[in-house]
Amino acid sequence: MNTGEPSQSMNLVSYDDTVGLFEIRIVSPEMLETVLLNYGKQAVPLKVERGLFIGVLTPGILYLRGDLNEEDFPVRQIIQDSTDEKVGNHLIDITFGRDNSKTELFDNTKEYLIWFDAMYRPEDLQTIREFIEEINDLSQTTRFSDDDIALPSYKPNYNPIPYIYYKISIVDKDLLKEKLDKRDSSKEQILKDNNGVSVALVRNDHLFLLNDLSGDERKHFLLKGLLFSMGFHGESKLQDSFFYNHGIKTVLSPLDKMAIELLYGGRLQSGLDVEAVKKTLGIVSKE
């Protein structure tokens, strides 16, 4: 990597920030000092084991010295560590909301069976089938049955219970209002649209969804309710995230998928607070 006299700033490669990677810039040692000064506390000096100062990590950009040989610094490891931390921080953002202080994961002892026990549309079934396929690919613990989706006529066999049932009830305004009026705030949470209108009631095993919703809005809240029950109570400021705090999203971003994969990968369990999650993932709290 030694190129003789390095330029003040040369892009080595650009990475898609949505998956947690960085633009890398090869710069002179003098430029690194300027970067440290300009970014202040946002800049993280990088050193290898023998104390050699090799670069500076800033939000979105990794600056590396251009007068060193490739073996002088583990670029790939720096990028991987930064990616892991970004995924971990995104997981914390989309997991912890105002209503929960600890992680709440789905059970992993039996498969979950989605059961539409009230009104539904063909597109609702398609949305759930795609969701099941995606989550089963990401999760190493909780699994959804991909054989079928139970419909209102389904007669469960409770002895022994072959599944853990997750019910989805598509209801009219009157029934949703009745459920909202009688809700237990310690066990049931309200989902609202961008206008502040209540459109769903969520339990850990049941979603009541307003039938008036249609199109992308219907799909969004169908998925949001399920993901909320799975423990994703928070929001993201990233515009491409499904959990973005404004707008209607219908697909998970690459970073969302990585966060779900992390939460349901076996390292984390229910009952962890933010600090416990950070400790488990090796995330250093920034003062």
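Treat the numbers as computed from the prediction; the structure is a model and nothing was measured.
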So, are [X] and [Y] salt-bridged, with charged N and O less than 4.0 Å apart?
{"X": "Glu111", "Y": "Arg143", "answer": "no"}
{"X": "Glu134", "Y": "Lys257", "answer": "yes"}
{"X": "Arg218", "Y": "Asp124", "answer": "yes"}
{"X": "Glu178", "Y": "Lys182", "answer": "yes"}
{"X": "Arg25", "Y": "Glu23", "answer": "yes"}
{"X": "Asp205", "Y": "Lys167", "answer": "no"}

Which atom pair, heavy atoms only, marks the closest approach of [X] to [Y]?
{"X": "Leu91", "Y": "Ala259", "answer": "CD1-O, 3.6 Å"}
{"X": "Gly271", "Y": "Lys102", "answer": "O-CD, 3.5 Å"}
{"X": "Tyr120", "Y": "Pro152", "answer": "CE2-CD, 3.5 Å"}
{"X": "Ser186", "Y": "Asp184", "answer": "OG-OD1, 2.6 Å"}
{"X": "Glu261", "Y": "Leu138", "answer": "CG-O, 3.4 Å"}
{"X": "Lys110", "Y": "Asp107", "answer": "N-OD1, 3.8 Å"}

Does the side chain of [Y] come within less than 4.5 Å of [X]'s, by heavy atoms?
{"X": "Asp212", "Y": "Lys173", "value": "yes"}
{"X": "Leu238", "Y": "His90", "value": "yes"}
{"X": "Leu180", "Y": "Ile190", "value": "yes"}
{"X": "Leu222", "Y": "Ile168", "value": "yes"}
{"X": "Lys224", "Y": "Leu191", "value": "yes"}
{"X": "Leu227", "Y": "Ile260", "value": "yes"}
{"X": "Asn204", "Y": "Glu104", "value": "no"}
{"X": "Leu207", "Y": "Tyr166", "value": "yes"}

Nearest 0.5 Å please: distance from the [atom1] atom of [X] over to the [atom2] atom of [Y].
{"X": "Leu36", "Y": "Tyr63", "atom1": "CG", "atom2": "OH", "result": "11.0 Å"}
{"X": "Asn108", "Y": "Thr142", "atom1": "CG", "atom2": "OG1", "result": "5.5 Å"}
{"X": "Leu263", "Y": "Ile94", "atom1": "CG", "atom2": "CD1", "result": "8.0 Å"}
{"X": "Ser145", "Y": "Leu113", "atom1": "OG", "atom2": "CG", "result": "5.5 Å"}
{"X": "Leu176", "Y": "Phe208", "atom1": "CG", "atom2": "CZ", "result": "9.0 Å"}
{"X": "Tyr39", "Y": "Leu57", "atom1": "OH", "atom2": "CG", "result": "10.5 Å"}

- State plainly whether one hydrophobic cluster holds both Leu226 and Val251, where clusters connect Ile, Leu, Val, Met, Phe, Trp and Tyr through side-chain heavy atoms under 4.5 angstrom apart.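 Leu226 does not cluster with Val251.
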- Message: Are Leu37 and Val56 connected into the same hydrophobic cluster when the rule is that any two of I, L, V, M, F, W, Y join if their side-chain heavy atoms are below 4.5 Å apart?
- Response: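 Different hydrophobic clusters.
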- Message: For a quick check under 3.5 Å, do Asp93 and Ser236 share a side-chain donor-acceptor pair by atom type?
- Response: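 Absent: no donor and acceptor within the cut-off.
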- Message: For the residue pair Asp117 / Ser169, report whether a side-chain donor-acceptor contact shorter than 3.5 Å exists.
- Response: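 Short answer, yes.
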Establish, yes or no, whether a centroid distance under 6.0 Å links the rings of [X] and [Y].
{"X": "Phe242", "Y": "His220", "result": "yes"}
{"X": "Tyr112", "Y": "Phe106", "result": "yes"}
{"X": "His233", "Y": "Phe228", "result": "yes"}

- Query: Do other residues, nucleotides or ligands put more than 12 heavy atoms under 6.0 Å from the CD atom of Glu133?
  - Reply: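 It does not: Glu133 CD has 12 such atoms or fewer within range.
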Is the backbone of [Y] close enough, under 3.5 Å, to the side chain of [X] for a donor and an acceptor to pair up by distance?
{"X": "Arg183", "Y": "Glu188", "answer": "yes"}
{"X": "Arg267", "Y": "Leu262", "answer": "no"}
{"X": "Lys278", "Y": "Ile92", "answer": "no"}
{"X": "Thr141", "Y": "Tyr264", "answer": "yes"}
{"X": "Gln126", "Y": "Pro122", "answer": "no"}
{"X": "Thr250", "Y": "Asp216", "answer": "no"}
{"X": "Ser229", "Y": "Gly225", "answer": "yes"}
{"X": "Arg121", "Y": "Asn211", "answer": "yes"}
{"X": "Thr127", "Y": "Glu123", "answer": "yes"}
{"X": "Thr103", "Y": "Leu272", "answer": "yes"}

- Task: Take the angle between the ring planes of Trp115 and Tyr154 and call it parallel below 30°, perpendicular above 60°, tilted in between.
- Result: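 Because their plane-to-plane angle is over 60°, the rings of Trp115 and Tyr154 count as perpendicular.
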- Message: Below 30° counts as parallel, above 60° as perpendicular, anything between as tilted: where do the rings of His246 and Tyr244 land?
- Response: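 Perpendicular, since the angle between the ring planes exceeds 60°.
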- Message: As a quick check of understanding, evaluate side-chain contact (heavy atoms from CB on, under 4.5 Å) for Lys219 and Glu130, giving each step before the final call.
- Response: CA-CA 11 Å; Lys219 182 175 182 179; Glu130 293 172 357; 3.9 Å; yes
- Item | Phe221/Ile248 under side-chain contact (heavy atoms from CB on, under 4.5 Å): CA gap, chis, key distance, verdict | CA-CA 9 Å; Phe221 282 104; Ile248 296 295; 4.1 Å; yes
- CA sep, side-chain torsions, deciding dist, call: Ser270, Leu105, side-chain contact (heavy atoms from CB on, under 4.5 Å): CA-CA 5 Å; Ser270 292; Leu105 279 71; 3.5 Å; yes
